[in-house]
**Q** 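There's a structure below that I have some questions on.
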Amino acid sequence: MLTSTTDANVGKLVDMIRANRRITIDEVAEELGISHERAQNIIHDILRYRKVSSRWVLRQLTLDTQKQRMAVSLEHPRALHEDAITFCFGL
């Protein structure tokens with residue numbers, strides 16, 4: 001592990017991303033006093049974030065997030081079916 005890849009820097013970087021999901025790697029590097037490459041390594045390889053529509057998002061879903069998404073996706077067909085019955089039969 002390189003000296004700038006410390007738990008303290010990783011923790012600060014997590015806080016910075018949570019406070020501003022549009023923060024750039026250059027802004028992170030300047031704030032933490034580390035190189036652009038080291039900031040990029042922490043964000044991409046250690047924290048597993050990636051940019052989507054100019055925002056940092058986690059690359060992988062947690063188990064809880066996967067369960068939430070599955071529950072929501074299963075709820076949509078059920079709601080659609082109930083609405084169709086109400087629409088067709090006036091129940």
Side-chain angles (χ1 to χ4, degrees):
M1 183 183 302
L2 298 173
T3 56
S4 58
T5 309
T6 62
D7 289 341
N9 278 344
V10 172
K12 289 177 188 175
L13 205 149
V14 168
D15 293 340
M16 292 170 70
I17 290 175
R18 286 184 180 160
N20 177 10
R21 293 215 179 255
R22 294 182 183 268
I23 195 166
T24 66
I25 293 175
D26 288 331
E27 291 170 335
V28 167
E30 185 177 331
E31 179 75 25
L32 296 178
I34 60 177
S35 70
H36 175 93
E37 292 78 15
R38 189 63 13 223
Q40 184 174 11
N41 174 264
I42 293 170
I43 292 170
H44 290 278
D45 299 336
I46 295 173
L47 297 177
R48 313 238 346 124
Y49 278 94
R50 63 186 173 106
K51 277 280 192 172
V52 176
S53 298
S54 301
R55 294 176 189 220
W56 291 109
V57 295
L58 282 173
R59 199 179 311 175
Q60 294 178 332
L61 299 176
T62 64
L63 187 56
D64 289 337
T65 307
Q66 290 174 2
K67 288 178 182 178
Q68 289 173 346
R69 287 190 178 189
M70 179 60 83
V72 168
S73 66
L74 294 174
E75 184 63 31
H76 289 298
R78 186 177 330 149
L80 179 62
H81 179 70
E82 290 170 0
D83 287 345
I85 291 171
T86 303
F87 178 77
C88 292
F89 301 109
L91 299 175

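Hydrogens, waters and symmetry mates are skipped; everything else that's a heavy atom, side chains included, is used.
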**Q** With a cut-off of 6.0 Å (strictly less than), are more than 12 heavy atoms of other residues, nucleotides or ligands near CD of Glu31?
**A**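 Count not over threshold, so no.
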
**Q** Of all residues at least two apart in sequence or in a different chain, which pass the side-chain contact (heavy atoms from CB on, under 4.5 Å) check with Glu27?
**A** Ile23, Thr24

**Q** What distance do Ile46 atom CD1 and Asp7 atom CG have between them, rounded to the nearest 0.5 Å?
**A**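 Rounded to the nearest 0.5 Å, the CD1-CG separation comes out at 9.0 Å.
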
**Q** Quick test of your reading: applying ring-ring contact (aromatic ring centres under 6.0 Å, His included), list the pairs with at least one residue in residues 5-32, sequence neighbours left out, ordered by first then second residue.
**A**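 Every candidate ring-ring contact (aromatic ring centres under 6.0 Å, His included) pair involving residues 5-32 fails, so no pair, neighbours aside, qualifies.
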
**Q** For Asn20, check side-chain hydrogen bond (donor to acceptor under 3.5 Å, both in side chains) against everything at least two apart and list the hits.
**A**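 Listed in chain order: nothing, the list is empty.
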
**Q** Please collect all side chain to side chain donor-acceptor pair (under 3.5 Å) contacts where either partner lies in residues 39-51, sequence neighbours excluded, each pair once.
**A** Arg38-Asn41, Asn41-Asp45

**Q** Check Ala39 against Ile25 and note the closest heavy-atom contact, atom names and distance.
**A**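 Where Ala39 meets Ile25 most closely, the heavy atoms are CB-CG2, 3.9 Å.
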
**Q** How long is the span from the CG atom in Leu13 to the CG atom in Leu47, to the nearest 0.5 Å?
**A**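 The CG atom of Leu13 sits 6.0 Å away from the CG atom of Leu47.
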
**Q** In chain order, what residues pass the side-chain contact (heavy atoms from CB on, under 4.5 Å) check against Glu37, with sequence neighbours excluded?
**A** Ser35

**Q** Taking the side chain as every heavy atom from C-beta outward, state whether Ile17 and Ile43 have any atom pair closer than 4.5 Å.
**A**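 Sidechains of Ile43 and Ile17: in contact.
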
